[in-house]
Structure formats: C-alpha cells, structure tokens
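Notes to accompany the following structure.
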Amino acid sequence: MRRVLIRDPIFIFCFIIVAGLLFMSFGNTVLRDGNVDQTLMLYSDEGRLIGIPPLEPSKDQWLGTDNAGYDLFQMFVEGFKWTVGICAIVALGRMTIGLLVGIPLAFRGARLNHFFKKLLDGFLILPISLLALMMLASTMTFWDSTQVPPLLERVKIELIVLVVLGLPAVTLYLITEIRQLLQQEFMIVAETLGGSVWHRVRLHLLPHLIPTLVIVFMQQFVQTLMLLIHLSLFGIFFGGTVLLHEGIMPTVYEWSSMFGYYFRQFTAMTWMTNHLFLVPAIALAALIFIFNVLTSRLERAFRLRRQEPRVTEMKFAQSEAAAASLDNPFSLVDVSLSVKNEPDDIV
C-alpha cells in the first residue's frame, strides 16, 4: 500500500499541503510565541496615513487584516494546528472508545447485539449540532472576560462533549464491521483451533480492521470539523465565547471559530468587509476538500492492496519443483507465480 501512496501524486500533493501548514503553525508558536502582527494604522514612506483596519490584501498582508488590524494570514497559520488537532483528537477518541466497547460486544451473542443496536439506533436520528449547542451554550459562554476559566478546562469540557456525541454512530458501525469479520473463514478456523479471544483480536481481527479504522478516522475528522462550523454559526466558539458590548469574540485562533466570528460581520457592500468572511470560508472549504481527497486516495490504496496477488514461499517452491520435474520434460511450466504483478495506478 505504501508504494501505491508514494506513487500517487494527488495524495502526495494534499499531504504536503497539510504537513506544510502544520509545520508553519507550530513554527509560529515556537519561534514567535504564537503572536500575530497587528497594524493599527498604515503609513506611506513619506509618513502619510494611507489606511486603517480592515486593510485589503497586499504584499505585506497577503490576506489583509481584520477590524482590529490583525494579519489574517498569520491568524490562520497560527490557528491551523488548533483545527487539525481538535478534529484529530475527537476522531481518535471516538475510535478508541468505540473499539473498547465494540470488540467485547461483537463477541457476545446475537441477542445482546440486537439489543444494543436498537438502543444505539435511537441516537442516530438526533441532530448532533443541536445537542452540542444545548450542552455547550451555558458552559462555554462567558459574560465577563475577567472571569473566564483556564483554557485547559474549557478545551477538556468541549472535547469530552464532542467525543461523546459521536460515539453511538461509530460504535454501532465498528460492531457491525467486527461481526462481519468474525464470520469470515479465517476467524472461524482460528476459533476452532482453540485461539483465545485476545489471540484472535491481536493477530487476526486488528490487522484486518486497520483499513476500516483509517477511513473511519478521516470521516470522523471531517464530521467533527463540520460540527465545529455549525456551532460557530450559533455563536459557540471552540474554547469559549466571550460576550462584549460590541458583540461576541472567540478566545483562540481556531478556523471554524474565526468563520463564525467573521460571518456576523459579513455585508454585501465592499471587498474590504467581505474578505473577512470569505477568507475563513474558502479556507474551511479547501480543508474539507483536501481531507475528502485524502480519504478517497486511501480507499483506493486499500482496494488495490486487496487486489494485489500474494506470492508465498510455498508457491515459489511449487514452481521450482514443477520446473525440475522429469515426468514430462517437454510440457510448458507456468512461471507466472514467481512474478509479483503490481496493479497499475488509477488516477
């Protein structure tokens, strides 16, 4: 599979974009302590005032500035690690808990699994965005900027809520996938030969679950990002929302929070005000597109790996024995088993 991904220019291009933005984001935190340049007034070389925030995109401010004069490009570079890190932690948390719950349930009887399926199906029809809004509106909204709890406590509360809300769907899906694998012939043989549950899970189940887990992780990543965007439109920003006299504001430079914050400042008058909303909107749309492309390329790589013929030492031995046989020395020998064909890349 690695050979397929390395030879896939689309996957490499998308991966370099994500890795490059992460490197720049962590670099800004390490080298500049996460600071963002602020331009309150823009002067010409002659000392004449030529602009005040929000400034339009220029060679000095690639994406312009917001109403407070902060450089939008630097803000989004700084906030990229927050967006990717939050979505990755939530996706990993859902998968880990889903596996810990799903594997024991999958090994149980059909009656117990049917009961849990009926129980979890009821949660799938509930709108996750509205549930998250009701659970976070009171705990993540602050009326006094001087009484905001520490950032770690706010992040911990919101991560727990985001993980719990997605658990029913992930757990139900993993239980279904695991039960299908348990019905495969190799799992039945392993059980017949006396393999323990841990032996079957470690050597047979988990290796076959890796492709499913990778795809589920990517899907949960995008779903978490969409959930954060929905919450930001309701004014619930990640890390908390501070209510001020002039409106609301986020507490961290997280992409979806900046989208909801600038969405409230959107007007149809001039580019000078529109670009505050368009920049995060285009950035989030591009990020979702990139991760959807990465998901599709990973699915393609896993599909090609399943189609790739496997050559074992036994097949080589059989081929060599047939070639050395003197029973019928003039018969043709099939040596195709000794060549490992690689599937053509499909772009």
Side-chain angles (χ1 to χ4, degrees), residues 13-40 53-55 57-93 136 140 142 145-146 148-163 217-218 220-222 224-225 227-229 231-232 236-242 248-262 275-277 279-291 294:
F13 177 73
C14 294
F15 179 81
I16 289 176
I17 292 177
V18 176
L21 286 174
L22 278 176
F23 179 78
M24 293 170 60
S25 183
F26 281 106
N28 186 71
T29 302
V30 173
L31 300 178
R32 305 185 61 208
D33 199 22
N35 293 323
V36 174
D37 294 339
Q38 185 180 21
T39 304
L40 297 178
L55 299 175
S58 62
K59 63 179 181 179
D60 296 322
Q61 290 93 15
W62 292 356
L63 300 178
T65 66
D66 64 356
N67 293 324
Y70 290 106
D71 191 298
L72 285 178
F73 177 77
Q74 296 182 16
M75 289 173 62
F76 280 91
V77 168
E78 173 64 22
F80 184 74
K81 64 178 179 294
W82 281 97
T83 302
V84 174
I86 293 163
C87 296
I89 291 174
V90 172
L92 285 175
L136 296 173
M140 303 303 294
F142 310 102
S145 59
T146 61
V148 178
L151 179 61
L152 182 60
E153 294 183 8
R154 291 177 277 141
V155 170
K156 182 167 57 177
I157 292 174
E158 190 157 357
L159 288 178
I160 292 175
V161 172
L162 295 178
V163 169
F217 171 81
M218 301 296 289
Q220 291 300 310
F221 184 99
V222 175
T224 303
L225 182 57
L227 179 57
L228 292 174
I229 294 174
L231 290 175
S232 70
I236 306 299
F237 305 138
F238 185 84
T241 303
V242 179
I248 60 176
M249 64 174 294
T251 57
V252 295
Y253 296 131
E254 195 271 321
W255 281 23
S256 61
S257 300
M258 305 309 296
F259 171 78
Y261 176 59
Y262 292 127
H275 86 284
L276 297 179
F277 164 72
V279 168
I282 295 174
L284 286 171
L287 183 61
I288 293 174
F289 174 77
I290 287 175
F291 272 87
L294 289 174

**Asked** Which pair of heavy atoms, one from Phe142 and one from Pro149, lies closest together, and at what distance?
**Response** CE2-CD, 3.2 Å

**Prompt:** Listed by chain and number, what are the side-chain hydrogen bond (donor to acceptor under 3.5 Å, both in side chains) partners of Thr29, not counting sequence neighbours?
**Reply:** Glu78, Lys81

**Heavy-atom closest contact (Leu40 atom, Ala68 atom, distance)** = CD2-O, 3.7 Å

**Request:** Would you check, one step at a time, whether the test side-chain contact (heavy atoms from CB on, under 4.5 Å) holds for Leu228 with Val90?
**Result:** CA-CA 11 Å; Leu228 292 174; Val90 172; over 6 Å; no

**Item:** Phe73 backbone acceptor or donor facing Asp71 side chain under 3.5 Å
**Value:** yes

**Message:** Counting the benzene-type ring for Trp, do Phe76 and Trp255 have ring centres under 6.0 Å apart?
**Reply:** yes

**Fill in**
In this structure, CG of Asp66 is separated from OG1 of Thr39 (nearest 0.5 Å) by 10.0 Å

**Prompt:** Shortest non-hydrogen contact from Met75 to Met258?
**Reply:** CE-CE, 3.0 Å

**Fill in**
When rounded to the nearest 0.5 Å, the distance separating CG of Leu152 from CD1 of Ile157 is 10.0 Å

**Request:** For Ser232 and Ser256, indicate whether the former's side chain and the latter's backbone hold a donor-acceptor pair under 3.5 Å.
**Result:** yes

**Request:** Report yes if some heavy atom in the side chain of Tyr253 is under 4.5 Å from a heavy atom in the side chain of Val77; otherwise report no.
**Result:** no

**Request:** Could you tell me which non-hydrogen atom of Phe237 sits nearest to which non-hydrogen atom of Gly260, and how far apart they are?
**Result:** CE2-C, 3.9 Å

**Request:** Working to the nearest 0.5 Å, report the span between CZ of Phe238 and CD of Glu254.
**Result:** 7.0 Å

**Asked** How many angstroms lie between atom CG of Leu21 and atom CD1 of Ile290, to the nearest 0.5 angstrom?
**Response** 7.5 Å

**Item:** Heavy-atom side-chain proximity of Asn28 to Phe80 below 4.5 angstrom
**Value:** no

**Asked** Phe291 vs Phe221 aromatic rings, parallel, tilted or perpendicular, using cut-offs 30° and 60°?
**Response** parallel

**Asked** Distance from Thr224 atom OG1 to Leu159 atom CG, nearest 0.5 Å?
**Response** 10.0 Å

**Message:** Give me the atom names and distance for the closest heavy-atom approach of Gly239 to Glu158.
**Reply:** N-OE1, 3.2 Å

**Prompt:** How far apart are the closest heavy atoms of Ile236 and Thr241, and which atoms are they?
**Reply:** CA-OG1, 3.5 Å

**Separation of Leu225 CG from Ile288 CD1 (nearest 0.5 Å)** = 4.5 Å

**Request:** Return yes when atom CZ of Phe15 has more than 12 non-hydrogen atoms of other residues, nucleotides or ligands closer than 6.0 Å, and no otherwise.
**Result:** no

